[in-house]
Protein chains: 4
Amino acid sequence: MPNSKKTTAVQPAPGRRRELLATAAEVFAAHGYNATTVRRIADRAGLLAGSLYYHFDSKESMLDEILTGFLDELWAGYDAVLAAGLGPRETVESLVVESFREIDRHLWAVTIYQKEARHLATQPRFAYLAESQARFEEVWLGTLERGVAEGVFRPDLDVRLAYRFLRDTVWVAASWYRPDGDRTPEEIARHYLSMVLDGITLPADR
Amino acid sequence: MPNSKKTTAVQPAPGRRRELLATAAEVFAAHGYNATTVRRIADRAGLLAGSLYYHFDSKESMLDEILTGFLDELWAGYDAVLAAGLGPRETVESLVVESFREIDRHLWAVTIYQKEARHLATQPRFAYLAESQARFEEVWLGTLERGVAEGVFRPDLDVRLAYRFLRDTVWVAASWYRPDGDRTPEEIARHYLSMVLDGITLPADR
Amino acid sequence: MPNSKKTTAVQPAPGRRRELLATAAEVFAAHGYNATTVRRIADRAGLLAGSLYYHFDSKESMLDEILTGFLDELWAGYDAVLAAGLGPRETVESLVVESFREIDRHLWAVTIYQKEARHLATQPRFAYLAESQARFEEVWLGTLERGVAEGVFRPDLDVRLAYRFLRDTVWVAASWYRPDGDRTPEEIARHYLSMVLDGITLPADR
Amino acid sequence: MPNSKKTTAVQPAPGRRRELLATAAEVFAAHGYNATTVRRIADRAGLLAGSLYYHFDSKESMLDEILTGFLDELWAGYDAVLAAGLGPRETVESLVVESFREIDRHLWAVTIYQKEARHLATQPRFAYLAESQARFEEVWLGTLERGVAEGVFRPDLDVRLAYRFLRDTVWVAASWYRPDGDRTPEEIARHYLSMVLDGITLPADR
DNA sequence: GATGAATGAGGTTTCATTCAT
DNA sequence: AATGAATGAAACCTCATTCAT
């Protein structure tokens, strides 16, 4: 996305939309999509409810745009990691770090995704959520299986269970993470990783 | 499950309430509390929407009853564990096992809790959710701190992070757990614990 | 649903629906479907706008029911005429008489049909309107062609033009016909027929 | 059609209004006045909805201008016929021919008129519609009565019924007439007249 | 215990219109 | 002449809840 402030004037009028979407995302995240009234978004954005429809087709299309915006960036990040051809452990580490970065950048979208994805995925318009989730599972499961096969992860690992464990563990962080905290997403990711990879007990304990 | 269907049948309506609550819980869990219409519950239960009001004051009171029913049992279980005076590691293990048992028994209630607790807790009627969560945090944090102090857990553990990690890890399981699966809650709990306590990598890797 | 009104108990609850539909039809006819607000119907019927939705799915479904009710009866009448196997002239006469009877019985539905059928027919839900119209044309055109072939109608008759002429001529009557007038539908039909069949000029003029 | 596109191009906007009105008329005719959104007209004309308000006061004023434009020309034509002092039969013939010519030239306006005149006539702004209709009735009824009195039309003619018959018969043609068809308005008028004046049956039948 | 009918508040959306630029 | 953004009223519809029967 070209952002050369100073020379070009390519943007048709991206500003207002983006602001409104940010507001909508925040309110959706706070109260849930269904419980959020279009009027609440409008109030927060400083215009009347009906005026939102100049910018968006519907409440649903706002949600759509928020989720696709997030997923597009997420997969860009993931694909870059996967393209690097790392070993299983390093892949897991990089994916987790990348995930925390996305939480940092798309906190509200992640929150919404967590709460709404499951039932939205059943609607045709949001079928891409199901697709994304399927690919997600594929990537993680593959990495874990490779790790077990290569002796990097424990041979007795229940891969499906570990997948859910990792997936939930990471994304649920959106429920308490605040971007203005005193730790960077990378720091939090590292700490998470040390627990996930090595456990919380002292090695001596084993 | 006390179900003494043996003596009389003159009772005013002992089991009907319970049935209706079970139905309501299932629908709430499937679609979310707000998105669930009273009519959907009634349809599923085989009566008309208005007729539910003979049994319950309001939709909200159904939710209330579902959540308190769950929390009461949960704390009964937790208190029993805590009263046993176990060491930190064993306490963690027992609490996790107990949690999975509650997921097994109150799957829908747990699902609802996960989705709705945060914003419900702000309403006076559901203040007990906030209290419960505070006590929950207290118990877990205390156990973890004790474990670090006693050298059972790693000294570099970020206790708050580990708390959230454990908490989320356990409860999120409600999103995929099905009581009719081929593993008992205890088995799943054990596997979870082995990941959490010892990590997913091979010890040799360290 | 105990409804043993001593003798028959066949009606499930047809009364209210029918009343409301009659009211809706009248208002639709008076102001046009689109221009009619659901509130106007409700006001006239003596309840609140939202209450209509206890009886009907939507404003559109009211319209649907009104139109199908009319068309079903219309075709019952037409089919009876066609089954009689009359000659072309008598068929035309009977169809016209039957049409005026339907105008008398379904005045509002006919009025609505006249105003809305064309654009409604393009919507899938109202595809039956197009079908009905196609069959209508088939019946009339067939009768007229038969009449020309048998020497009953003028050989120089433009059959398509005559069809439209007859069709419009009859149905447009709904725009001024009032059931409480001093002439029966049959009388009016007869007068129409004498104009259509024999012209308005004096035979001597030819 | 004065179209002196030869001198200058400094005019404020002579043809633009006319173009926009033509577009509006077409859309009004296609979807009905109420169902037509100002945006639909603007889309078709290639500008934004708000921009129409530079040219017109309101949607209603567009309608107004369309209808008066049509009625003015119609009455110019009718008045010319009436001024000719023809006999009843010839007057009827000329009026019908003139009407078909107006349908040819003002197809969309006629269509709109047919659909909307009745309820518009109740609004003060469109009172001229009621006046026009009254004069219309006066002219036709007078001609028919004169024809009966002079023995040109059948003595048993119900003049009011015949008036409606003629009126509807003519104008309803706008619902199927297409200017680019293979017959001129005059030809169609002649055929209509032969049906109306002499009937559709063979004279021998009488 | 349950039904049928209704209420009333509030939700999303549409749309003619305005106005600064 | 036209745009982009917004207004405000009103539309259709939903839904928890009530209540006489």
Side-chain angles (χ1 to χ4, degrees), chain A residues 12-13 15-17 19-20 33-42 45-62, chain B residues 12-13 16-17 20 33-42 45-63, chain C residues 1-3 12-13 15-17 19-20 34-42 45-62, chain D residues 12-13 16-17 20 33-42 45-63:
Chain A
R16 196 72 176 112
R17 265 185 99 79
E19 278 171 42
L20 293 172
Y33 172 70
N34 275 303
T36 296
T37 70
V38 128
R39 215 186 115 217
R40 178 120 68 170
I41 299 171
L47 40 68
L48 291 184
S51 306
L52 282 174
Y53 289 79
Y54 176 78
H55 301 277
F56 304 97
D57 283 346
S58 64
K59 184 183 164 188
E60 200 180 66
S61 80
M62 293 187 224
Chain B
R16 195 74 174 113
R17 262 186 101 79
L20 292 173
Y33 172 71
N34 274 302
T36 297
T37 70
V38 137
R39 213 190 123 211
R40 178 118 71 168
I41 299 170
L47 39 68
L48 291 184
S51 308
L52 281 174
Y53 287 79
Y54 177 82
H55 300 277
F56 303 98
D57 284 347
S58 65
K59 183 182 165 188
E60 202 180 63
S61 79
M62 292 186 229
L63 176 62
Chain C
M1 308 131 217
N3 212 3
R16 198 71 177 113
R17 263 185 100 79
E19 278 171 42
L20 293 172
N34 275 301
T36 297
T37 71
V38 128
R39 218 188 112 216
R40 178 120 67 168
I41 299 171
L47 40 67
L48 291 183
S51 306
L52 282 175
Y53 290 81
Y54 175 77
H55 301 277
F56 304 98
D57 284 345
S58 64
K59 183 184 164 187
E60 200 180 65
S61 80
M62 291 187 227
Chain D
R16 194 75 174 116
R17 262 185 100 80
L20 293 173
Y33 172 71
N34 275 301
T36 297
T37 70
V38 137
R39 214 188 123 215
R40 178 120 65 169
I41 299 170
L47 40 68
L48 291 184
S51 308
L52 280 175
Y53 288 79
Y54 177 81
H55 300 277
F56 303 97
D57 284 347
S58 66
K59 184 184 165 189
E60 202 180 62
S61 79
M62 292 186 229
L63 177 62

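Everything numeric here is computed off the predicted structure, so don't read it as measured data. The sequence lines fix the lettering, A, B, ..., with proteins before strands; numbering per chain opens at 1.
Taking Tyr53(C) as the reference, nothing meets the ring pair (Phe, Tyr, Trp, His ring centres under 6.0 Å) condition, with sequence neighbours excluded.
Phosphate contact (OP1/OP2 of dT7(F), side-chain N/O of Ser51(A), threshold under 4.0 Å): present. Contact annotation: Arg39(D) does not reach the phosphate of dT17(E) (side-chain N/O to OP1 or OP2, under 4.0 Å). Side-chain nitrogen and oxygen atoms of Tyr53(D) include none within less than 4.0 Å of the OP1 or OP2 phosphate oxygen of dT18(E). An OP1 or OP2 oxygen of dA11(F) is reached within less than 4.0 angstrom by no side-chain nitrogen or oxygen of Arg40(C). The side chain of Ser58(B) contributes no N or O atom lying less than 4.0 Å from OP1 or OP2 of dA16(F). In this structure, Tyr54(C) does not reach the dA6(E) phosphate: none of its side-chain N or O atoms is under 4.0 Å from OP1 or OP2. Note on His55(A): a side-chain N or O is less than 4.0 Å away from OP1 or OP2 of dA6(F).
In this structure, NZ of Lys59(C) is placed 17 Å from C1' of dT14(F), rounded to the nearest angstrom. Here the C1' atom of nucleotide dC15(F) and the CG atom of Asp57(C) are 15 Å apart, to the nearest Å. A straight line from CG of Leu52(D) to C1' of dT18(E) spans 14 Å, rounded to a whole angstrom. When rounded to the nearest whole Å, the span between CZ of Arg17(A) and P of dA6(F) equals 13 Å. Rounded to an integer number of Å, the gap from CG of Asn34(B) to P of dA9(E) is 20 Å. The nearest whole Å value for the distance from the CG atom in Leu48(B) to the P atom in dA5(E) is 10 Å.
Under the Watson-Crick or G-U wobble criterion, with both distances below 3.5 Å, dT7(F) is paired with dA16(E). Pairing for dT21(F) goes to dA2(E), judged as Watson-Crick or G-U wobble with the two contacts each under 3.5 Å.
Annotation: of the two residues near DNA chain E, Gly46(B) and Leu47(C), the 5′-most nearest-nucleotide partner is Gly46(B). Ranked by how close their nearest DNA chain E nucleotide is to the 5' end, Ala49(B) and Ala49(D) are led by Ala49(B).
Counting only heavy atoms from C-beta on, Val38(A) has its side chain closest to dT12(E) among dT12(E), dA6(E), dA16(E).
Atoms CE and CD1, on Met62(D) and Ile41(D) in that order, are 5.0 Å from each other to the nearest 0.5 Å. We find the CG-OG distance between Asp57(C) and Ser61(C) to be 5.0 Å, quoted to the nearest 0.5 Å. Separating the CG atom in Asn34(C) from the OG1 atom in Thr36(D) is a distance of 9.5 Å, to the nearest 0.5 Å.
Side chain of Arg39(A) to main chain of Leu48(A): no donor-acceptor pair is present (N/O by atom type, distance under 3.5 Å, no hydrogens or angles).
At the heavy-atom level, Thr36(A) lies under 4.0 Å from the strands shown only through sugar-phosphate atoms.
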